[in-house]
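In this text the structure is predicted, and so the values were computed from the model without any measurement. Letters go in sequence order (proteins before strands), and every chain restarts at 1.
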Number of protein chains: 4
Amino acid sequence: MTVTSRTRAPRSDGLRNRQHILDIARGHFAEHGISGSLDAIAKEAGVGPGTLYRHFHSKEALLAALLTARDDEIGARRDAITRSTSDAGDALAQWLDALIEWASAFDGLPEPLRAALGEIPSPLTSTCEGYVVETDRFLARAQDEGLARADVRGRDLFLMALAISWTRGAAMADGASTSLMPHILRAGWATATAR
Amino acid sequence: MTVTSRTRAPRSDGLRNRQHILDIARGHFAEHGISGSLDAIAKEAGVGPGTLYRHFHSKEALLAALLTARDDEIGARRDAITRSTSDAGDALAQWLDALIEWASAFDGLPEPLRAALGEIPSPLTSTCEGYVVETDRFLARAQDEGLARADVRGRDLFLMALAISWTRGAAMADGASTSLMPHILRAGWATATAR
Amino acid sequence: MTVTSRTRAPRSDGLRNRQHILDIARGHFAEHGISGSLDAIAKEAGVGPGTLYRHFHSKEALLAALLTARDDEIGARRDAITRSTSDAGDALAQWLDALIEWASAFDGLPEPLRAALGEIPSPLTSTCEGYVVETDRFLARAQDEGLARADVRGRDLFLMALAISWTRGAAMADGASTSLMPHILRAGWATATAR
Amino acid sequence: MTVTSRTRAPRSDGLRNRQHILDIARGHFAEHGISGSLDAIAKEAGVGPGTLYRHFHSKEALLAALLTARDDEIGARRDAITRSTSDAGDALAQWLDALIEWASAFDGLPEPLRAALGEIPSPLTSTCEGYVVETDRFLARAQDEGLARADVRGRDLFLMALAISWTRGAAMADGASTSLMPHILRAGWATATAR
DNA sequence: CATGAATGAGTATTCATTCAT
DNA sequence: GATGAATGAATACTCATTCAT
C-alpha cells in the first residue's frame, strides 16, 4: 500500500510544494516587505491557504523556514571569516556585518526577530539564539585579545545589529547611513587600544 | 483625579475631556504599547469613538499630542544640558540619552517615529525633524571641537537613538543593555582623541 | 429688557446667520451635490452644527428652505408663462421645462424630492405637492383644449420631470440627451392632434 | 429549501453557499430595497461578513451577480420579442417595457445602474452597456422603418427606461402611473406617422 | 441664541487560522 | 495530503443629531 505501482512517485509533491512556497514567499517578502497577508502568498504560489498552513503553522514559522534556508549560507560565511581573518576584532566586525545584512533581507524583518527574543518563544527564537551564541564566540575571542570592551555581551551586539537593520527601513537612512552605522557600531564596542 | 466619581462621565468641557483622553491614552500606551486600537482607548476613557476622532484624527495625531505635551520638558532638558555642560561631547551624549529616553516612553513608539521620517508626512514628522535639527546643533559643536567624527550627521545619530529605544522592547534587553548601549553609541561617534 | 439701549440691534444676527447659511449651503450643494455632510457646511459657514440645526431641523429642511427661496422665482416664471403663452400645450411644456431645471439645481436633488412624495411626509413634501397642483392646472387647461392626453395626471408629469432631472446625473447623459428628453416627454403627453 | 433545518448552517460547499447568499440577498433587496448593509445580509444568510466578501467584493458586485442571474431570462424575452413581433415599433416598446421591469426589481436599483454608466467603471457597467447595445438594435430597426424619431439614441431610451423605473419608488406612483408611463415614453419616441 | 463637544450606532473591509470536502 | 470556503473578531472611520456650556 505504501508502494504503489505508479511510475511517478506522488510523494515528492509535498516537498516540492514546500520548496515552491518558500521561493514564492521569499520573493514576495523581498518585494513587499513582511506585512503582506499569507493569503496573497498562497495565491501567488498557486496553493490554498490550508496547504501553506500545513507546512508552516504561522507567519513566523514561514519566516523561520526562510531564514533556516539561509543557515548554510551564514554558516559558510562564519567559517570563511574564521578562516581568513586572523584579527579577532576584524572577525567580530565582519560577523556583525553579516548579521546586519541577514536581518535586512526583508523590510520589517527586524521586528519579529526582536520579538522572538522576548519571553514568549516563537519559531524564530531558536534561530536568533543560535546567532547570539555565535556572536558570543566571536566576541569572546576579541575580548580575550583585548580588542573588545569587557562589558559588552553577545546579546547586546546582536540586538544592535538588528537595530541597525531596523533603521534601514527609514527613508532618512540613505547610502551614507548604511555604510556609516556599522563603523559606528564597531567603534562603539572596540577598545581604545584597538583603534 | 481627572474624573469625578459619577458613574457616567459628566459632560465636561472640551479641554477637560481632551486632557482626560490624553491621560488615558498615555496610561494605555504605557501599559500595552501603542499597538492597541483607538476604539479601545475611547472605551477606556468612557467616550465614544467619534469624540476621540474629533480631537485626534489618527493614532499618529494622538501620539503626536502626547509627545508635544513633553516638548517643554525636552526643551528644558536641552537648555539644562547646554547651560551646565561645557564639554561639547558630553552635551551631545546627554542629548542623545534624552532622545533615547523620550522615544522609549511607549513600547512600539520608535516604529511610527521612524516612519515619520519617511516620504509621507505624518503628524509626527515635524516633531522628529525638529529633534534632528537639535541633534545637528549639538553635533556641530562637538565636531567643531574635534570631539565627534566628521562623517556623522545628526540624522544618523537621531536614527541610532531611535534604534536603541527600539531594542528596549526586547526582553533580552535587560538593565545592563539599557545602560550599555548609549555608551557604545557614544564611543561610536566620538573621535579617538576624545576618549 | 426687550429693548436695549445699544446702538446696533443684536437681534438681526439670527436672520443674517440664517441667510448666510443658506448662501453657503447653496454653493456647497451646487459644487459637491447634496451628499456632503452638514458638518462640512456648518464649518464652511463658520457656525457650529448646533446653529445650523437650530435653523434647519434636518438636511431635508435645509433643502426645503433652499427651494422655498426659489419659490418667488418659480412663481414669476409660472406667471410669465401664463401671460405670454396662449397655447395651453406650449404653456404646459414650458412649465415642465421649468420643473426639470428646478430639480436639476443640485446633483442628487431628485432623490429626496421623489422620497418626499412617499408616505412619510418630509419638509419637502409641501413644496412638491404645491408644484403638483400647479402642474395639474397647466395640464387641465391643455386637456380642456384637447392638447393633452386625458389619461395623464399632474403627478405623473411631475414625476417624469423629476425623472428627467435624475438622468442628468449620468455621464451618459450628454448635451444631446438634455435637450432631447423634454421633447420626448412632450411628445409623450401631447395628443396626436396637438402635433 | 435552501438550507437544512439544523440550527447552525452546515459547512456546505461553496457553490451552495454562494447561491444561498444570492437567494437571501434577493429577498432582502426585494423587501428593504438596496440600501441595507452587506453585514445585515450576511447575518441574515447566517454567514460571516468575510464569507460574503469572498464571493462578492462589493455591493455592486452582489447586485451584478443578482442581475446576471437574470441574463438568461432577459435574453429569452428579447428573443421572444424578436420572433413574435413583426412591427419594429412594437418590438422596441416591448423591449423597453422589459428593461423597465428589469430595473424595477429592487427599490433603489436604478441609482447604481445610472452610476454604472458614468466614467468610473463598476461591476454593473458591462451589463448596462450590453443592454444599451440591445436597445440600439431594436431602435435601429424601428428607425429604418420610419417608426421612431431619428434624433433618438439607444442610450437615451435606456436612460429613460431607468428613469421610469426610478419613479416607481415614489408612493405617488400608483398603478395608473405604472401602466401609463411606458405609453408616454412610447408616444415620445415614436414618429407621428407611427401612431 | 450660539457654540461645538459628545454621541454611538453603523459601515466597509481585512486576515490569520480552522475545517469540511 | 491538498484544497479553498468559512470564520468572525477586529479596526478605522463617519455623521446626523443632541445637549451642556
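With hydrogens and angles ignored, the 3.5 Å screen pairs a side-chain donor or acceptor of C:T68 with a backbone N or O of C:A64. Using a distance-only test at 3.5 Å, with no hydrogens or angles considered, a donor-acceptor pair links the side chain of D:K59 to the main chain of D:I34. Between the side chain of C:S122 and the backbone N or O of C:A116 there is no donor-acceptor pair closer than 3.5 Å.
In this structure, C:H57 atom NE2 and F:dC19 atom P are separated by 14 Å, rounded to whole Å. At whole-Å resolution of the value, NZ in B:K59 and P in F:dA10 are 15 Å apart. Atom pair D:F56:CZ and E:dT14:P shows a separation of 16 Å (rounding to whole Å applied). To the nearest angstrom, P of E:dT7 lies 15 Å from CG of C:D39. In this structure, the CZ atom of C:R54 is 6 Å from the P atom of E:dA2, given to the nearest Å. In this structure, CD1 of D:I41 is placed 13 Å from P of E:dT13, rounded to the nearest angstrom.
Base pairing in DNA chain F gives the following stems of 3 or more Watson-Crick or G-U pairs, range against range and under 3.5 Å: E:2-21 with F:2-21.
Contact between the side-chain N/O atoms of C:T51 and the OP1/OP2 oxygens of E:dT3 is found at a separation under 4.0 Å. Close to F:dG1, at under 4.0 Å from its OP1 or OP2, lies no side-chain N or O of A:N17. Phosphate contact (OP1/OP2 of E:dA6, side-chain N/O of B:H55, threshold under 4.0 Å): present.
Nearer the 5' end of DNA chain E, as judged by each residue's closest nucleotide, is the contact made by B:P49, out of A:Y53 and B:P49. Nucleotides of DNA chain E nearest to A:S35 and A:G50 differ in position, and the one nearer the 5' end is that of A:S35.
Within the 4.5 Å cutoff, the side chain of A:R26 has heavy atoms near those of the A:D23 side chain.
Cation-pi geometry between A:R114 and A:W166 is not met at under 6.0 angstrom from the ring centre and within 45 degrees of the axis.
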